[in-house]
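The model shown is predicted, which means the values in this text are computed figures rather than measured ones.
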2 protein chains.
Amino acid sequence: MNIGTAAEKSGLPPKTIRYYEDIGLLRPDRADNGYRDYSSADVHRLRFLQRSRSLGFSVEECRQLLSLYGDKERESADVKAIAEAKLAEIARKLVELAGLRDMLRHLADHCNGDDRPDCPIIDGLAGHGTVQ
Amino acid sequence: MNIGTAAEKSGLPPKTIRYYEDIGLLRPDRADNGYRDYSSADVHRLRFLQRSRSLGFSVEECRQLLSLYGDKERESADVKAIAEAKLAEIARKLVELAGLRDMLRHLADHCNGDDRPDCPIIDGLAGHGTVQ
DNA sequence: CTACGGTTTCCAGTTACTGGAAGGTCAAGT
DNA sequence: ACTTGACCTTCCAGTAACTGGAAACCGTAG
């Protein structure tokens, strides 16, 4: 499949897909005419990249996660350790995302009209407590 | 409070905090010695920025969300519309993050030893269906 | 055989930081 | 009073992750 189709299916622009190939995240076939030819496994990788990038993981983190599948030589304990570390980070992100949702829900529901400017939502803006 | 303390409390490096001031997301006081002086409201804004940036929202999206509080002239309907749009996006992110968690959970739990390379997890890597 | 949309490479520009140099500030120790 | 070390300041350069645009090739429909 051509890059345009892969772009549609993955939700990533063609430019970004080529960029991911440049930095070695992907290695699509080439057709006789020189066009890139994407398999459905390629599209899965691209969808994964689209999702994890949009959730705030870095390209290097994505590369590591993708390698958990690709590298058959890798130690299982290694795979498990990396996966567990990311799981902890995901759990944290889920909590923060839910907090953000609650805060915006409150803003949308209760701060209409004259009330809004007085709403002390900013106190709950970013949760409570200190980092570290 | 000095920038170092604000950095600790917000989880952002001082460099990033100065950058956010450069692009107009923040306007801390200055002490007589020229040092930036952060209020607790400033720290709340910074914590909000740290969280929403790490969850994949762009700086411009963050600017818009912060303006929902700051701008007393803004129409309530406008505030509500923006908040609702972001809520939909957050709901989507929550689903994708949970999907990522399940996938990694499966990888960590069931793909140990010889089993792993054969696991067809990549099929579930990025969920199913097509974007758009 | 000519449009026109999709594809190629390459190079430049943008966003959002990040590192490092050169120097000013401040509180603690001698 | 003086020095030391951790903090702060500005400025300028570099990096990460795209993004836009030019010039040229490919492929199908009329």
Whole-Å distance, B:Asp29 CG to D:dC8 P, equals 16 Å
Residues at least two apart in sequence or cross-chain that pass salt bridge (Lys or Arg N to Asp or Glu O under 4.0 Å) with B:Glu84, listed by chain then number, are A:Arg105, B:Lys80
From CG of B:Asp37 across to P of C:dT25 the rounded distance in Å is 17 Å
Could you check B:Pro14 against A:Asp32 and say which one's nearest nucleotide on DNA chain D is further toward the 5' end? B:Pro14
Between B:Cys62 and B:Leu65, is any pair of side-chain heavy atoms under 4.5 Å apart? no
Using only side-chain N and O atoms of A:Arg36, determine if any of them is under 4.0 Å from OP1 or OP2 of C:dT9. yes
Hey, can you pull the residues of residues 16-28 of chain B with a non-hydrogen atom under 4.0 angstrom from DNA chain C? B:Thr16, B:Tyr19, B:Tyr20
Do you see a donor-acceptor pair shorter than 3.5 Å between the side chains of A:Asp42 and A:Ser39? yes
For a side-chain contact (heavy atoms from CB on, under 4.5 Å) with B:Tyr38, tell me which candidate from B:Asn2, B:Leu26, B:Thr5, B:Asp29 qualifies. B:Leu26
Can you check nucleotides 3-6 of chain C for protein contacts, nitrogen or oxygen pairs under 3.5 Å, and list what you find?
{"from": "C:dG6", "atom 1": "N2", "to": "A:Tyr35", "atom 2": "OH", "distance (Å)": "2.8"}

Nearest 0.5 Å, what's the CD-CZ distance between B:Glu89 and A:Arg101? 14.5 Å
When you measure from the side chain of A:Lys15, which nucleotide among C:dT25, C:dT9, D:dG20 comes out closest? D:dG20
Stepwise, does the salt bridge (Lys or Arg N to Asp or Glu O under 4.0 Å) test hold for B:Glu60 with B:Arg63? CA-CA 5 Å; B:Glu60 287 315 307; B:Arg63 189 194 299 278; 2.9 Å; yes
Mark yes when over 12 heavy atoms from residues, nucleotides or ligands other than B:Arg30 sit less than 6.0 Å from its CZ; otherwise mark no. yes
Could you give the CZ-to-P distance, from B:Arg30 to C:dG24, as a whole number of Å? 17 Å
Please check: side-chain N/O of A:Asp22 versus main-chain N/O of A:Tyr19, any donor-acceptor pairing under 3.5 Å? no
Ignoring backbone atoms, establish whether A:Arg53 has a side-chain N or O less than 4.0 Å from OP1 or OP2 of D:dA17. no
